[in-house]
**Q** 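Submitted below is the structure of interest, expressed as structure tokens.
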Amino acid sequence: MKKTILLFVTFLATIAVSAQSRMSYSLEFVAGVGVGKGPQVSFSPEFVAQYDLGGDFRIGAGAGVRYARPCKVYDTKHGRGFHDEVDIPVFLRLGYGKSKFFTHVDAGYAIGVLGYPGVDYVPGTKKDFLYDGLFFEPQVGLKVGRRGALALGVLLQQSDWHNQVWDVGETTTVYVRNIKNTFTPAITLRYVLGF
């Protein structure tokens, strides 16, 4: 239900904003690398529509398709294990920018659509997506040329993962905890092509 409401609000915001003459559009290509319990990698093209509020402030909405390898298992003995997923991020954007420099904050929801089930998947059961939920991504950027820009950001994506702790003594004991709805970090680099 939350996903449907978010999609509907984003759709209405985009329609309302597109009726104005101070619109700008961009196609953005994002690559990310996780930190700690964050994803191994992520890649996504995104389309963003923004409205100039005046005074160097902008508001907008966007959507894309993201491939990611979020952390599935954080193992104290063997390192991290990853899971392949494809999701659709939809978001609202607040921005501020001068002639060359700008900053944005994207906030939205990623909807999992495709995932590799992994070796522990039981056929017939519900497939849970690890990278499905709220996200926030603050960014700072620099305009390059007339239509291009580069931005560096930090993606905080709500995700689920398993924590495995090994206790090696007379017998080896593995403690597994399922961690749900934590925000895992990734450093992102974004190329913006405005039109």
Side-chain angles (χ1 to χ4, degrees), residues 3 5-36 38-70 82 84-114 131-159 183-195:
K3 294 177 189 178
I5 292 171
L6 180 66
L7 283 172
F8 182 70
V9 168
T10 303
F11 175 74
L12 288 179
T14 303
I15 295 297
V17 169
S18 68
Q20 305 298 325
S21 63
R22 295 190 288 182
M23 291 296 298
S24 65
Y25 304 95
S26 61
L27 184 59
E28 304 182 6
F29 301 94
V30 187
V33 175
V35 178
Q40 185 178 33
V41 294
S42 67
F43 301 102
S44 67
E46 298 175 346
F47 177 78
V48 180
Q50 296 183 89
Y51 177 71
D52 185 359
L53 294 171
D56 300 321
F57 288 95
R58 294 182 170 273
I59 188 169
V65 176
R66 177 172 56 191
Y67 164 78
R69 295 200 76 213
F82 300 98
D84 295 310
E85 288 188 5
V86 175
D87 59 70
I88 297 175
V90 286
F91 56 91
L92 296 177
R93 172 176 286 176
L94 294 175
Y96 177 81
K98 290 290 187 182
S99 61
K100 283 281 193 189
F101 298 99
F102 63 89
T103 182
H104 294 149
V105 176
D106 294 346
Y109 198 92
I111 303 163
V113 292
L114 183 65
Y131 230 36
D132 185 62
L134 297 172
F135 70 88
F136 304 95
E137 185 180 2
Q139 313 151 29
V140 293
L142 173 68
K143 293 179 183 173
V144 180
R146 276 185 3 161
R147 298 179 352 162
L150 290 172
L152 189 63
V154 176
L155 173 64
L156 299 171
Q157 171 68 58
Q158 195 174 36
S159 63
F183 287 93
T184 56
I187 305 298
T188 60
L189 180 62
R190 178 179 300 263
Y191 177 71
V192 179
L193 179 60
F195 51 92

**Q** Mind checking what makes salt bridge (Lys or Arg N to Asp or Glu O under 4.0 Å) contact with Glu28, not counting sequence neighbours?
**A**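 Listed in chain order: Arg93, Arg190.
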**Q** Looking at every non-hydrogen atom in both residues, tell me the closest pair between Leu150 and Phe102 and how far apart they are.
**A**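 The pair with the smallest heavy-atom distance is O-CZ, 4.0 Å.
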**Q** Could you give all pairs that pass the side-chain hydrogen bond (donor to acceptor under 3.5 Å, both in side chains) test and reach residues 147-158, with sequence neighbours left out?
**A**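 Checked against side-chain hydrogen bond (donor to acceptor under 3.5 Å, both in side chains) - neighbours excluded - the pairs reaching residues 147-158 are Arg66-Gln157.
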**Q** Using every non-hydrogen atom in the two residues, find where Gln139 and Thr103 come nearest and quote the distance to one decimal.
**A**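 It is O-OG1, 2.8 Å.
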**Q** Just wondering, do Leu152 and Thr188 contact through their side chains at under 4.5 Å, heavy atoms?
**A**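 A side-chain contact is absent here, since even the closest heavy-atom pair is not under 4.5 Å.
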**Q** Between Tyr25 and Val48, does the side-chain contact (heavy atoms from CB on, under 4.5 Å) criterion hold? Intermediate values first, please.
**A** CA-CA 6 Å; Tyr25 304 95; Val48 180; over 6 Å; no
**Q** Is there a side-chain contact between Leu94 and Ile59 (heavy atoms, below 4.5 Å)?
**A**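 In short, these two side chains touch, coming nearer than 4.5 Å.
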**Q** If I take atom CG from residue Leu156 and atom CG from residue Asp106, how far apart are they, to the nearest 0.5 angstrom?
**A**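 Interatomic distance, Leu156 CG to Asp106 CG, rounded to 0.5 Å: 12.0 Å.
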**Q** Shortest non-hydrogen contact from Thr184 to Ser159?
**A**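 In terms of heavy atoms, the two residues are closest at OG1-OG, 3.0 Å.
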**Q** With heavy-atom distances below 4.5 Å as the criterion, would you say the side chains of Tyr191 and Leu189 are in contact?
**A**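 Side-chain contact under 4.5 Å: no.
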**Q** May I ask you to decide if the ring planes of Phe57 and Tyr96 are parallel, tilted or perpendicular, using 30° and 60° as cut-offs?
**A**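 The rings of Phe57 and Tyr96 sit tilted, inter-plane angle from 30° to 60°.
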**Q** Ring-plane angle category for Phe135 and Phe91, please: parallel below 30°, perpendicular beyond 60°, tilted otherwise.
**A**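 Perpendicular.
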**Q** How long is the span from the OG atom in Ser26 to the CZ atom in Phe47, to the nearest 0.5 Å?
**A**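 Rounded to the nearest 0.5 Å, the OG-CZ separation comes to 7.5 Å.
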**Q** So which atom in Lys143 and which in Ser99 form the shortest heavy-atom distance, rounded to 0.1 Å?
**A**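 The answer is CD-O, 3.3 Å.
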**Q** Can you measure from CG (Leu155) to CZ (Phe183) and round to the nearest 0.5 angstrom?
**A**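 Going from the CG atom of Leu155 to the CZ atom of Phe183 covers 10.0 Å.
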**Q** Please give me the minimum heavy-atom distance between Val65 and Ser44, naming the atom from each residue.
**A**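 Val65 and Ser44 have their closest heavy atoms at O-CB, 3.1 Å.
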**Q** What pairs with Gln40 under side chain to side chain contact (heavy atoms under 4.5 Å, CB included), at least two apart in sequence or on another chain?
**A**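 In terms of side chain to side chain contact (heavy atoms under 4.5 Å, CB included), with neighbours along the sequence ignored, Gln40 is linked to Arg69, Phe82.
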**Q** Check the angle between the aromatic planes of Tyr67 and Phe43 and answer parallel, tilted or perpendicular using the 30° and 60° thresholds.
**A**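 Tyr67 and Phe43: parallel rings.
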**Q** Do you know the tightest heavy-atom contact between Pro39 and Pro185?
**A**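 Taking every non-hydrogen atom into account, CD-O, 3.7 Å.
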**Q** Please confirm whether the backbone N or O of Gly112 pairs with a side-chain atom of Asp132, one donor and one acceptor, at under 3.5 Å?
**A**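 Yes; judged by distance alone, with no hydrogens or angles, the pair exists.
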**Q** How many angstroms lie between CD in Gln50 and NE2 in His104, if you round to the nearest 0.5 Å?
**A**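 The NE2 atom of His104 is 4.5 Å from CD of Gln50, to the nearest 0.5 Å.
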